[in-house]
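Here the structure comes first, spelled out in structure tokens, and everything after it is commentary.
For this chain, numbers begin at 1 and follow the sequence in order.
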Amino acid sequence: MPIEPTHRFLRACHSLPVDQTPVWLMRQAGRYLPEYMRVRQQAGNFLSLCKNPDLATEVTLQPVYRFDMDAAILFSDILVVPEAMGMSLSFGMGEGPVLEPFLRTPSDLRRLRPVQPEEQLGYVLQTVTQIRQALQEKTPLIGFSGSPWTLATYMVEGGSSKTFRYIKGMLFDQPALLQQLLDQIADVVADYLNAQIAHGVQAVQIFDTWGGVLGPREFVTFSLRSIQRIIDRLQRVGPDGQTVPIILFFFFFGSMLEEMIGTGCDVIGLDWTTHLATARHQVAARAALQGNLDPAVLYATPDIVRHQVRQLLQDYGPYPGHVFNLGHGMAQDMDPGRVVDLVRAVREESRLLLQQNGGMQRIQEKRP
Ligand code: CP3
């Protein structure tokens, strides 16, 4: 029998009632924080920071302590997985990530190596252990990975892309080759997430940042199915006996909620282009929802931030199963002061909403 969680964030992931809406922010650790910039400089560069468990632990904790977040997210990057598979990873100044040599042919794929997470990604697992020790049960820790499709875009394009020319070329011209690549990545990701869980992460988030560039049919065949392959293999009870919720984050793809629920995930993370009220009605208690404030709201005044937060909380309503977050990550030119305003607004406004409604209500479940 899994143990019922006490942390607000984990309770909300399992759609259990909470006293106030839990909040954390994607990319909550990063360049908008001066204390992050200091540690990154100490490490030399971003990738060395990811590979130094002491420093990666330190930057993971920075936003948790500064803003009293309801969850910590492991400091790392989705692209350490292709690196572990044998590609060379670098982050060029201002140009984003580069993965070399790119994968385009069957013989390119044969260069990929099998991954033992404890070996090639041991530094990440060590960081997980250290973060859990530092957090001391006070705040739950989220582990993560990229989705196979999202990782494959970087591996085939050789880095970021605007047109996705090569991966889409492979999708239409050589679908079996792409499928083989996605399966291979999915198996590595499943082992990697299971290793993160074994080392103590209490929730996992799969980032499908680029699923939204696909048409609906291709999205199901190439992105969602490979995510399903991972979920089917995940060890969903952690070493402490608690169920580990699975969060799927989708960017620019709110129109396929039924298919997303069908994967058996616990939480669906939405970008800001989906109406939260509509999504909640459609999902009808079958999954929790995470999101989905437009990050650009953080460029506005504290009053506007509060107004936008209140609207979003009202859109969701006084029901269980909401994790407050942005619809995408923090940007480097954002003001940490606005994050203070946002977190305070989420807490005060969600308590008020519950008070006005006589506590949490049950969501009307959909009849089959
Ligand atoms: O959220 C967190 O605080 C945890 C850490 C985290 C990072 N990247 C740190 C990071 C997480 C969860 C990611 C996920 C990630 N990485 C995604 C999926 C989510 C999304 O943003 O859509 C993707 C696509 C990547 C790949 C990646 N990493 C890119 C394209 C870039 C360059 C863009 C940029 O912002 O410069 C990165 C670098 C990166 N990953 C930084 C951080 C803090 C900036 C590195 C720096 O310090 O210069």
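Counting only heavy atoms from C-beta outward, the side chains of Gln116 and Asp191 never approach each other to under 4.5 Å.
Few gaps surround CZ on Arg66; more than 12 heavy atoms of other groups in view lie less than 6.0 Å from it. The environment of CZ in Phe102 is sparse: at most 12 heavy-atom neighbours from other residues, nucleotides or ligands sit within 6.0 Å. Taking a 6.0 Å sphere around CD of Gln41, one finds it holds 12 or fewer heavy atoms contributed by other residues, nucleotides or ligands. Around CZ of Arg165, the count of heavy atoms belonging to other residues, nucleotides or ligands within 6.0 Å does not exceed 12.
Atom SG in Cys50 sits 11.5 Å away from atom CG in Leu121 (nearest 0.5 Å). To the nearest 0.5 Å, atoms CD (Gln28) and CD (Gln62) are separated by 11.0 Å. Here CD of Gln228 is found 12.0 Å from CD of Glu259. Values are rounded to the nearest 0.5 Å. With rounding to the nearest 0.5 angstrom, the CG atom of Asp173 is 12.5 Å from the OH atom of Tyr166. Taking OG1 of Thr263 as the start and CD1 of Ile227 as the end, the distance is 7.5 Å to the nearest 0.5 Å. Going from atom CG of Asp187 over to atom CZ of Arg229 covers 4.0 Å, rounded to the nearest 0.5 Å.
Gln184 and Gln180 share no side-chain donor-acceptor pair at under 3.5 Å. In this model, no donor atom of one side chain and acceptor atom of the other lie less than 3.5 Å apart for Thr301 and Asp303. For the residue pair Gln290/Trp24, the side-chain donor-acceptor check at 3.5 Å is satisfied. For the residue pair Asp54/Thr57, the side-chain donor-acceptor check at 3.5 Å is not satisfied.
Arg40 forms no cation-pi arrangement with Tyr36, by the criterion of a distance under 6.0 Å to the ring centre and an angle within 45° of the ring axis.
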Could you walk me through whether Trp210 and Phe250 pass ring pair (Phe, Tyr, Trp, His ring centres under 6.0 Å), step by step?
CA-CA 8 Å; Trp210 299 121; Phe250 296 98; over 10 Å; no

Could you please spell out the steps behind the salt bridge (charged side-chain N to carboxylate O under 4.0 Å, His left out) verdict for Asp315 and Arg280?
CA-CA 9 Å; Asp315 284 345; Arg280 189 186 61 70; over 6 Å; no

Kindly determine whether Tyr65 and Thr139 satisfy side chain to side chain contact (heavy atoms under 4.5 Å, CB included), including the steps that lead there.
CA-CA 10 Å; Tyr65 292 155; Thr139 312; over 6 Å; no

Stepwise side chain to side chain contact (heavy atoms under 4.5 Å, CB included) check, Asp108 with Arg111
CA-CA 6 Å; Asp108 291 344; Arg111 283 200 312 264; 3.2 Å; yes

Assess the residue pair Leu342 and Leu298 against the criterion (side chain to side chain contact (heavy atoms under 4.5 Å, CB included)); give the C-alpha distance rounded to whole Å, side-chain angles, the decisive distance to 0.1 Å, and a yes or no.
CA-CA 8 Å; Leu342 178 135; Leu298 289 169; 3.9 Å; yes

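In terms of modelled atom types and a separation under 3.5 Å, the side chain of Arg236 and the main chain of Thr243 share no donor-acceptor contact.
Contact between Phe9 and Ala203 at its shortest, heavy atoms only, is CE2-CB, 3.9 Å.
Checking His7, Gln20, Arg347 one by one against Asp70, the side chain to side chain donor-acceptor pair (under 3.5 Å) holds for a single residue, Arg347.
Using a cut-off of 4.0 Å between Lys/Arg side-chain N and Asp/Glu carboxylate O, Lys51 and Glu83 are scored as salt-bridged.
Ring geometry, Phe46 versus Phe91: the interplanar angle exceeds 60°, so the pair is classed perpendicular (tilted spans 30 to 60°). Between Tyr316 and Tyr319, the ring planes are perpendicular. Angles over 60° get that label, and only those under 30° would be called parallel.
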